[in-house]
Amino acid sequence: IPPPSRAQVMVECYRLWEEMQGVFDRVASESVSEDGTSVQLSGYVYHVRFEFGKFDDVILRVGLTNLGVVVVVVALCTLCFLPFFISLLSVFTVVCIDLQLLSVMSLAGLNFNCISCISLLIALGLAIDYSVHFGHAFNNAPFLDREAKVTYALTTMGSSILNAGGSTLLGTLFLAASDSVVFRTFFIFMWGTIFLGLFSGLAFAPVVLSIVGPVDAGKVRSSKAAPKVAVSAPTLTPKRRMSHCSNLSAGGGPQMH
């Protein structure tokens, strides 16, 4: 039988507190003094583990509720500035990043506690930047072809997204040397979020938008089928060529024939 995890121990401590507190309240309500009069006792049962036990008992429900609220708020904010499909794609990438961070937690041996829950909420705000900025550049690209719009977005916004992710990685690199569980956990979540966000903003989103990205339905034309306007220079007959050369040699300007 595998040993119980720390979170399970804390939850059991919280249930033990509920049981002990119930016994104390029952004894307090039935207490009488030596002269036979009832005595109202007041007090509570306390242990330092009881505090963490209460949190671990409700962490899953509270964490999922908070993550759901954040996703809804992010979706509403992006809808105010981006087309529906790009907003939906951005929210989808953020949800996928949070699910992938749960896998990172398992690989790193982290428990789902208050530190990891807060880090997941922060990851939602950090991961949305990369896909939203790329989607905004794609939407404002002055082209009618999806691949041309993706190329324009990568050219104009790709380096900025890469620089933003790189600067954040360098700014949090010192946390890797910390002995604190809080800082090391935050470091793992931060680096995981940035790497996954860069992949989503520079690899996943461009591929999806190049295939099914939104383009004005009334102006969709493939760049290969676009009409080409050929401009040809006027041809000069031998007679006109001799007249043109004589005018130039005489100092006169070019004449139209």
With sequence neighbours excluded, tell me which residues meet side chain to side chain contact (heavy atoms under 4.5 Å, CB included) with A176. F187
So CG of L102 and CD1 of I97: to nearest 0.5 Å the spacing works out to 12.5 Å
Nearest heavy atoms of V215 and R146, plus distance in Å: CG2-CG, 3.5 Å
Ring pair (Phe, Tyr, Trp, His ring centres under 6.0 Å) pairs touching residues 124-150, sequence neighbours excluded, are F143-Y152
Pick from I128, L124, I122: which one makes a side-chain contact (heavy atoms from CB on, under 4.5 Å) with L126? I122
Side-chain donor/acceptor pairs under 3.5 Å, residues 189-206, sequence neighbours excluded:
| from | atom 1 | to | atom 2 | distance (Å) |
| --- | --- | --- | --- | --- |
| W191 | NE1 | T172 | OG1 | 3.2 |
| T193 | OG1 | F189 | O | 2.6 |
| S200 | OG | L196 | O | 2.9 |

Under 3.5 Å, which donor-acceptor pairs link side chains of residues 74-88 to any protein atom two or more places apart or in another chain?
| from | atom 1 | to | atom 2 | distance (Å) |
| --- | --- | --- | --- | --- |
| T78 | OG1 | V74 | O | 3.0 |
| T78 | OG1 | A75 | O | 3.0 |
| T78 | OG1 | S87 | OG | 2.5 |

Please answer whether the main-chain N or O of N113 pairs with a side-chain N or O of N111 as donor and acceptor at a distance below 3.5 Å. no
L99 and V208: same hydrophobic cluster, using ILVMFWY side-chain contacts below 4.5 Å? yes
Are any of the side-chain heavy atoms of S116 and L110 separated by less than 4.5 Å? no
Please report the interatomic distance OG1(T65) to CG(L60), rounded to the nearest 0.5 Å. 9.0 Å
Can you tell me how far the CD1 atom of I118 sits from the OG1 atom of T185, to the nearest 0.5 Å? 11.0 Å
I59 and C117, any side-chain heavy atoms less than 4.5 Å apart: yes
Give the other cluster members for V73, using side-chain heavy-atom distances under 4.5 Å between Ile, Leu, Val, Met, Phe, Trp and Tyr residues; answer none if it is isolated. V69
To the nearest 0.5 Å, tell me how far I161 CD1 sits from S131 OG. 8.5 Å
Side chain to side chain contact (heavy atoms under 4.5 Å, CB included) for V94 and V71? Distances and angles first, verdict last. CA-CA 8 Å; V94 169; V71 169; 5.6 Å; no
Listed partners of V207 passing side chain to side chain contact (heavy atoms under 4.5 Å, CB included), at least two apart: I211
Can you tell me how far apart OG1 (T93) and CG (D98) are? Round to the nearest 0.5 Å. 10.5 Å
Considering non-hydrogen atoms only, spot the tightest contact between M157 and A137 and give its length. CB-CB, 3.8 Å
Examine F174 and I188 and state if one hydrophobic cluster contains both, with Ile, Leu, Val, Met, Phe, Trp and Tyr joined whenever side-chain heavy atoms are less than 4.5 Å apart. yes
Give a yes or no on whether V72 and V70 share a hydrophobic cluster (residues Ile, Leu, Val, Met, Phe, Trp, Tyr; joining criterion: side-chain heavy atoms under 4.5 Å apart). no
Quick check: are there more than 12 heavy atoms from other residues, nucleotides or ligands sitting under 6.0 Å from CD of E147? no
Given 3.5 Å as the limit, does a donor-acceptor pair link the side chain of N66 with the main chain of V62, or not? yes
Evaluate the side-chain proximity of L175 to F186: yes if any heavy-atom separation is below 4.5 Å, no if none is. yes
